[in-house]
Participant: 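The structure that follows is given in the form of C-alpha cells.
As the structure lists them, so they are numbered: ligands from 1, and atoms in each ligand from 1. Treat the numbers as computed from the prediction; the structure is a model and nothing was measured.
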Amino acid sequence: ESTLGAAAAQSGRYFGVAIASGRLNDSVYTSIASREFNSVTAENEMKIDATQPQRGQFNFTAGDRVYNWAVQNGKQVRGHTLAWHSQQPGWMQSLNGSELRRAMNDHITGVMTHYRGKIVEWDVVNEAFADGGSGARRDSNLQRSGNDWIEVAFRTARAVDPAAKLCYNDYNVENWNSAKTQAMYSMVRDFKQRGVPIDCVGFQAHFNEGNPYNSNFRTTLQSFAALGVDVSVTELDIQGASPTTFANVTNDCLAVARCVGITVWGVRDSDSWRSQHTPLLFNNNGSKKPAYDAVLNAL
Ligand code: XIL
C-alpha cells in the first residue's frame with residue numbers, strides 16, 4: 001500500500017492524526033492529512049475549554065470544523081477529551097466537590113449528545129494518574145471531588161452514547177515496569193471486574209528523554225488487552241523521530257490483536273506541540289521523513 005491509512009486498513013486498523021482547525025486552510029497540510037490518514041483526533045477543539053467556554057453555553061464551532069473536515073475526507077473520528085484536569089475553562093477551574101461533579105456530568109452529557117452516533121471512541125477521562133513512583137491519582141479538583149469521579153464519568157458517558165467506545169487515556173504509561181502503568185492497570189482490572197463501562201485504553205506515547213521507548217511496550221499493550229479492552233496508540237510522537245523506534249511502536253501494535261490503531265500527534269514537525277523535538281513523520285516542508293518509510297514498511 002502507498003499510504004499509512006491504507007496500509008493499516010489491511011489489518012483492520014486505523015492510522016490517524018491530530019488535526020488543528022486553524023491549519024485547515026493550509027493546502028500542504030490538508031493534502032498530506034487527507035491522503036495519508038484514515039482517522040482524526042481534534043488536537044484541542046473538543047476539549048472542555050473549547051466546547052463549554054461559559055457554563056451551560058456549549059460551542060461546537062471549532063470541533064465541528066474538524067469533525068466535518070474528517071467526515072468529508074472519509075475519516076473516522078476519535079473524541080478527545082471529556083474529563084481532564086487540564087484545559088478546563090475558568091468557570092470549571094473554580095468549582096469543587098458536588099458542584100464540580102454535576103458540571104462534569106453535564107459537560108459529558110452536552111458534548112456526547114452533540115456528537116452522538118458520530119464518534120467511534122471517546123477519551124472519556126484523560127491523565128488521571130500522577131507521575132513518579134507513587135502510583136497515586138493525580139491531585140486535581142476532579143480527584144478531590146471523590147475518588148469515584150472516573151467511574152462516574154464512564155457511567156455517564158455510556159448512558160449518553162451507548163454506541164461509542166469509551167476510553168481511558170494517559171501518558172508515560174507505555175513502560176510496563178512503571179508505577180503509573182501498574183496503577184492504571186489495576187484501575188482497569190477493577191473496572192472490568194465491577195462492570196464499570198470501559199472499552200478501551202489509550203497510550204499517548206509521547207516518547208522523549210524523560211519517557212524513552214522501551215521494548216516492553218508490547219507487554220503493556222498485551223496485558224491491558226488481556227483484561228478485555230481495546231488498546232490504541234493515541235498521540236504518538238518521538239523526540240528525534242528515530243525510524244527504528246517508530247517501526248518498533250508500529251510492530252508492537254500489530255502484534256496485539258486488540259490494538260485497533262495508531263494516531264500521530266500532528267502532521268509535520270512544524271505542526272507539533274513539541275516542534276523543537278522534530279518528532280513527527282513529515283518535515284516542515286511536508287516531505288516524508290525516514291520515519292515515515294519505516295512505519296509504512298512495518299504496516
Ligand atoms: C496538547 C496540544 O497538542 C497543544 O496544542 C495544547 O496547547 C496542549 O495540549 N496530552 C493530551 C493532549 O492528551 O490533549 C495534549 O495536546 C498533549 C498531551
Participant: Can you confirm if the NZ or CZ of Arg137 lies within 45° of the ring axis of Phe129 and under 6.0 Å from the centre of its six-membered ring?
Facilitator: yes

Participant: Looking only at side-chain N and O atoms, does Arg138 offer a donor or acceptor that is under 3.5 Å from a partner on Ser140?
Facilitator: no

Participant: Using the ring of Phe246 (Phe, Tyr or Trp, six-membered ring only), decide whether Lys289 places NZ or CZ under 6.0 Å from its centre and within 45 degrees of its axis.
Facilitator: no

Participant: Tell me, please, which residues at least two apart from Tyr14 pass ring-ring contact (aromatic ring centres under 6.0 Å, His included).
Facilitator: none

Participant: Could you check ligand 1 for N or O atoms lying under 3.5 Å from protein N or O atoms and list the pairs with distances?
Facilitator:
unit_1, atom_1, unit_2, atom_2, d
ligand 1, 3 (O), Glu43, OE2, 2.4
ligand 1, 3 (O), Trp265, NE1, 2.9
ligand 1, 5 (O), Glu43, OE2, 3.3
ligand 1, 5 (O), Asn44, ND2, 2.9
ligand 1, 9 (O), Lys47, NZ, 3.1
ligand 1, 9 (O), Gln87, OE1, 3.2
ligand 1, 10 (N), Glu127, OE2, 2.9
ligand 1, 10 (N), Gln204, OE1, 3.1
ligand 1, 10 (N), Glu235, OE1, 3.0
ligand 1, 13 (O), His80, NE2, 3.2
ligand 1, 13 (O), Asn126, ND2, 2.9
ligand 1, 13 (O), Gln204, NE2, 3.3
ligand 1, 13 (O), Glu235, OE1, 3.4
ligand 1, 13 (O), Glu235, OE2, 2.8
ligand 1, 14 (O), Lys47, NZ, 2.7
ligand 1, 14 (O), His80, NE2, 2.7
ligand 1, 16 (O), Lys47, NZ, 3.3
ligand 1, 16 (O), Trp265, NE1, 3.3

Participant: Would Gln204 and Asn172 count as having a side-chain donor-acceptor pair, cut-off 3.5 Å?
Facilitator: no

Participant: Counting only heavy atoms not in Gln276, do more than 12 sit closer than 6.0 Å to its CD atom?
Facilitator: yes

